[in-house]
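Can you read through this structure? Questions will come right after.
Residue numbering restarts at 1 for every chain, and letters A, B, ... go by the order of the sequence lines. Model, not experiment: these values are computed from the prediction.
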Amino acid sequence: MSTPRTDGNPSPEIAVLTDNICRHYQMGEALIPAVDGISLEIRSGEFVALLGTSGSGKSSLLNLIAGLDRPTSGKVVVHGSDLADLSRAELAKYRLHTVGMVFQSFNLIPRMTLLENVELPMRIAEVNRNKREALALKALERVGLGKRKKHRPVELSGGEQQRASLARALINQPRLLLADEPTGNLDSRTGTEIMNFIREFNESLGMTIVMVTHERALAEQYARRMISLADGKLIDDRATASAATAVVRRGEL
Amino acid sequence: MKLYDSTELAVRNLRESFLRNSLTTIGISVGVASLVAMLSLGIGLQKLAGRRLQSSGLFDTVIVTSRRDLRGFNREQEDNGPAPADSPALDEPARQKLEQLPNVIEAYPDIRFITELRFEGSPHLTMVAGLPFSSKNNDAFDGMQGNFFSSDSAPEAILQKAFAEELLGRTPKRGADDVNVRELATPLLGKELVLSYTERTATPSASSEADRGSDAAAYSVVRHRQALKIVGISDLDPDSMRGQARARVFLPLKFAQSLHVMQASDVRDTTRLPGSAPTYSNVSVRLKSPKNVQAVEDAIKKMGFNTFSITDATRSMRQFFAVLDLFLGIFGSLALAVASIGIVNTLVMAILERRREIGIMKALGASDADVKGLFFAEAGAMGVFGGAVGVALGWTIGRIINLGTNVYLRRQNFPPEQIWFVPWWLIAGAIVFSIIISLLSGLYPASRAARLDPVQALRYE
Ligand SMILES: Nc1ncnc2c1ncn2[C@@H]1O[C@H](COP(=O)(O)OP(=O)(O)OP(=O)(O)O)[C@@H](O)[C@H]1O
Ligand SMILES: [Mg+2]
């Protein structure tokens with residue numbers, strides 16, 4: 001499935017729209033409202049940080065946008081298509097082509113080499129074999145891991161693993177990058193390295209980024225919009241300080 | 001995901017937990033091996049029985065009997081065809097008619113009688129039969145010592161080995177090793193055997209030109225003696241044979257006919273209407289090729305006679321082996337059934353271990369079908385490897401048993417036999433069966449993996 005593009009639209013297109021979505025977990029007697037009526041609009045090319053304390057529902061919201069989970073109520077519309085209308089197979093296609101995901105724990109497949117890990121989404125997308133390897137290598141080189149292509153994830157540092165998983169997330173050229181605490185397991189220097197890559201993708205490829213993070217400072221520095229959650233509800237939504245500078249920088253381009 | 005890619009991933013996944021998957025695959029191999037071993041034993045025995053039947057000389061022969069004399073060899077023949085009273089008599093004109101049928105080489109009456117033979121003065125009572133000269137080329141006489149008859153009318157005899165033993169006064173003990181035919185031949189070949197028999201001649205009162213024709217029901221019986229030269233000792237086992245081969249002494253057919261020995265059917269003739277011609281109890285019809293058996297048999301049945309042929313003999317044999325193969329197949333499959341549980345177990349464990357990996361693949365965009373295909377491919381790959389190794393193993397076991405059997409047979413002075421036979425279709429079938437069983441075993445684990453919720457799978461380390 002490819003979401004319909006409305007290129008040539010003068011005002012920035014809406015990439016993600018959530019309309020009063022809820023995700024309630026039933027735990028025996030108790031009902032846990034992990035996501036409790038969130039309505040959002042994220043424009044194409046925006047860099048959004050999701051903030052909130054542990055258990056506030058950040059990951060749950062991200063999974064709903066990723067189509068990994070379905071909301072209990074409300075709807076998620078990504079680039080004009082309502083995810084509720086998609087079958088399980090179509091939802092998989094949506095994840096494959098429209099969404100790229102990065103996780104706190106990198107989630108590389110340990111039995112595969114870096115090259116194979118990066119190649120995997122193309123394998124699922126049934127991309128031609130020869131093309132696949134060249135593209136995967138190029139993606140690894142882009143994150144500075146060309147020489148490590150034959151290595152397995154365990155042989156790499158956390159930062160390197162996260163760079164590889166970034167390469168993997170981008171290999172099918174998604175329009176939406178969803179990152180769940182991508183720097184959560186990294187020291188601040190390596191975290192900065194990863195954040196710079198993400199910012200580069202946002203700026204040079206015009207990719208929409210939704211990033212979950214604990215660190216307000218990181219959100220302020222890189223994202224242009226901060227959304228804060230508490231108990232599954234949206235409590236704050238505002239532009240960051242860097243948003244202004246970003247506009248300036250974009251003017252420079 | 002493309003089949004090639006899922007297969008490649010599956011094979012790597014299998015290599016990753018090498019020991020566990022090897023053990024599971026060995027389980028399948030043992031199952032396939034036992035199936036192959038069992039079935040090839042069944043097939044080998046069937047082939048052996050077929051060869052035995054072929055060497056009985058019945059392969060290109062149809063035995064014809066009159067419905068008046070004998071009941072049919074099978075119920076089908078009894079239930080169909082003309083009533084016994086309306087059916088034709090098996091006499092000389094009928095024999096000639098049989099010989100005229102297309103694809104028939106010869107039709108000769110079965111001449112057989114029990115009589116006394118004297119060897120070096122002592123009497124031996126036994127069954128004597130006429131043997132057509134054409135039997136010379138029959139492979140049933142391959143293991144014979146001495147020579148075949150010099151002509152179709154020579155006063156010569158071929159002895160069955162058990163009778164030869166009797167003549168030499170060697171009564172074999174039960175269960176003792178079989179005697180060597182060559183040992184029996186030396187003291188007997190060229191020796192004289194005196195045949196006492198009763199000739200059927202026309203009664204002197206009957207008109208001489210009618211001889212055995214118009215009123216043969218009235219005849220005289222005259223005692224005669226005839227000296228025979230022993231020319232051959234046959235190693236045939238009379239119990240495994242049919243028709244004239246059941247006899248223990250064989251004479252050339254023309255010679256035997258010329259003796260006009262009183263036949264059992266002659267007594268029956270006296271009870272029939274005077275004027276009816278003498279009849280044969282049965283006539284053997286030899287065909288140009290075994291392929292003609294069915295057609296000729298049908299033609300003879302249409303004439304109103306009963307027939308017995310290789311097809312009748314093999315029909316019951318085929319039924320027997322179908323049942324035998326079924327049982328062997330079921331026993332062979334049991335091991336494979338156990339192995340299939342091993343596959344289910346291994347794959348379910350793999351799912352538990354690779355929960356997170358499945359979650360990752362789904363997050364990356366793998367569909368339920370992709371995940372299912374991956375586990376299916378793993379099951380299939382185990383089936384392919386297990387099947388291939390199993391066939392090789394089964395084949396080896398077969399070779400070893402065959403070798404062992406033949407070593408035993410040779411020690412007992414028997415010719416070697418191939419009791420083991422692995423046709424190519426069994427090899428192909430066993431591998432395909434192993435793949436099918438493996439895929440069926442993969443059905444449950446694969447759909448379980450496909451149903452896995454990615455959010456749950458990714459939630460915990
Ligand atoms: N599968 C589930 N079953 C029951 N409750 C769940 C499930 N998944 C999430 N929850 C609950 O939903 C709430 C939100 O969880 P979520 O993982 O979205 O929080 P989070 O903001 O990502 O937290 P963290 O910063 O620790 O990752 C939590 O209270 C959690 O216990
Ligand atoms: Mg979380």
Side-chain angles (χ1 to χ4, degrees), chain A residues 1 23 25 34 59-64 66-70 86-113 116-129 132 152-153 165 168-172 174 178 180 185, chain B residues 1-21 346-347 349-378 381 446-461:
Chain A
M1 187 211 84
R23 179 63 172 100
Y25 289 104
S59 297
S60 300
L61 179 60
L62 207 68
N63 288 338
L64 291 174
L68 277 175
D69 202 2
R70 292 202 192 256
L86 304 183
S87 68
R88 278 177 77 88
E90 285 168 334
L91 214 51
K93 283 252 164 82
Y94 158 76
R95 288 197 295 270
L96 185 60
H97 295 289
T98 310
V99 181
M101 289 195 88
V102 185
F103 305 89
Q104 178 175 0
S105 49
F106 324 131
N107 278 343
L108 294 169
I109 294 178
R111 70 183 75 229
M112 292 182 178
T113 65
E116 285 164 336
N117 263 292
V118 174
E119 216 186 317
L120 186 59
M122 288 192 286
R123 206 192 269 263
I124 297 168
E126 302 191 352
V127 173
N128 183 296
R129 204 170 182 73
R132 226 154 65 188
R152 291 198 172 198
S165 90
R168 183 181 66 182
L170 298 171
I171 200 73
N172 277 343
L178 304 178
D180 195 345
N185 279 358
Chain B
M1 217 185 306
K2 286 190 176 130
L3 182 64
Y4 179 86
D5 282 312
S6 346
T7 312
E8 196 193 51
L9 285 184
V11 171
R12 332 176 36 114
N13 286 344
L14 290 179
R15 270 213 310 260
E16 210 65 29
S17 329
F18 188 76
L19 181 64
R20 184 176 65 200
N21 291 315
T346 303
L347 289 182
M349 262 171 68
I351 291 171
L352 294 181
E353 265 174 25
R354 281 161 33 200
R355 239 176 102 81
R356 189 169 190 88
E357 185 185 314
I358 296 165
I360 295 169
M361 291 193 56
K362 286 194 150 187
L364 293 179
S367 63
D368 293 0
D370 289 332
V371 174
K372 196 181 262 185
L374 195 58
F375 278 85
F376 237 40
E378 282 180 38
S447 68
R448 195 173 140 166
R451 278 199 318 263
L452 205 70
D453 177 6
V455 177
Q456 297 298 333
L458 288 171
R459 210 171 143 74
Y460 305 102
E461 291 291 297

| message | Applying salt bridge (charged side-chain N to carboxylate O under 4.0 Å, His left out), can you list everything that pairs with A:Glu126, at least two apart in sequence or on another chain? | response | none
| So, for A:Ala92 and B:Ser367, which heavy atoms are closest and what is the spacing to 0.1 Å? | CB-CA, 3.6 Å
| query | Any idea which of B:Ala366, B:Gly359, B:Ser6 has the most non-hydrogen atom pairs under 4.5 angstrom with chain A? | reply | B:Ala366
| said: I'd like to verify something: which residue of A:Arg88, A:Glu116, A:Arg111 has the highest number of heavy-atom pairs under 4.5 Å with chain B? | reply: A:Arg111
| remark: Applying a strict 4.5 Å limit to non-hydrogen atoms, the region of B:Ala363 in contact with chain A is both
| remark: Within residues 7-18 of chain B, the residues sitting under 4.5 Å from chain A by heavy atom, in sequence order, are B:Glu8, B:Leu9, B:Arg12, B:Asn13, B:Glu16
| Atom CG of A:Leu68 and atom NZ of B:Lys362: how far apart are they, to the nearest 0.5 Å? | 9.5 Å
| Roughly how far apart are B:Ile360 CD1 and A:Leu108 CG, rounded to 0.5 Å? | 7.5 Å
| note | Here the gap from B:Met361 atom CE to A:Leu96 atom CG, rounded to the nearest 0.5 Å, amounts to 10.5 Å
| query | So what's closer than 4.5 Å to chain A heavy atoms on B:Asp370: side chain, backbone, both or neither? | reply | side chain
| query | Hey, does B:Val455 have a side-chain heavy atom less than 4.5 Å from the side chain of A:Arg23? | reply | no
| message | Would you say that B:Asp5 contacts A:Arg129 through its side chain, given a criterion of any heavy-atom pair below 4.5 Å between the two side chains? | response | yes
| note | NZ (B:Lys2) and CG (A:Asn128) are apart, to the nearest 0.5 Å, by 6.5 Å
| Considering only heavy atoms, which portion of A:Arg123 lies under 4.5 Å from any heavy atom of chain B: side chain, backbone, both, or neither? | both
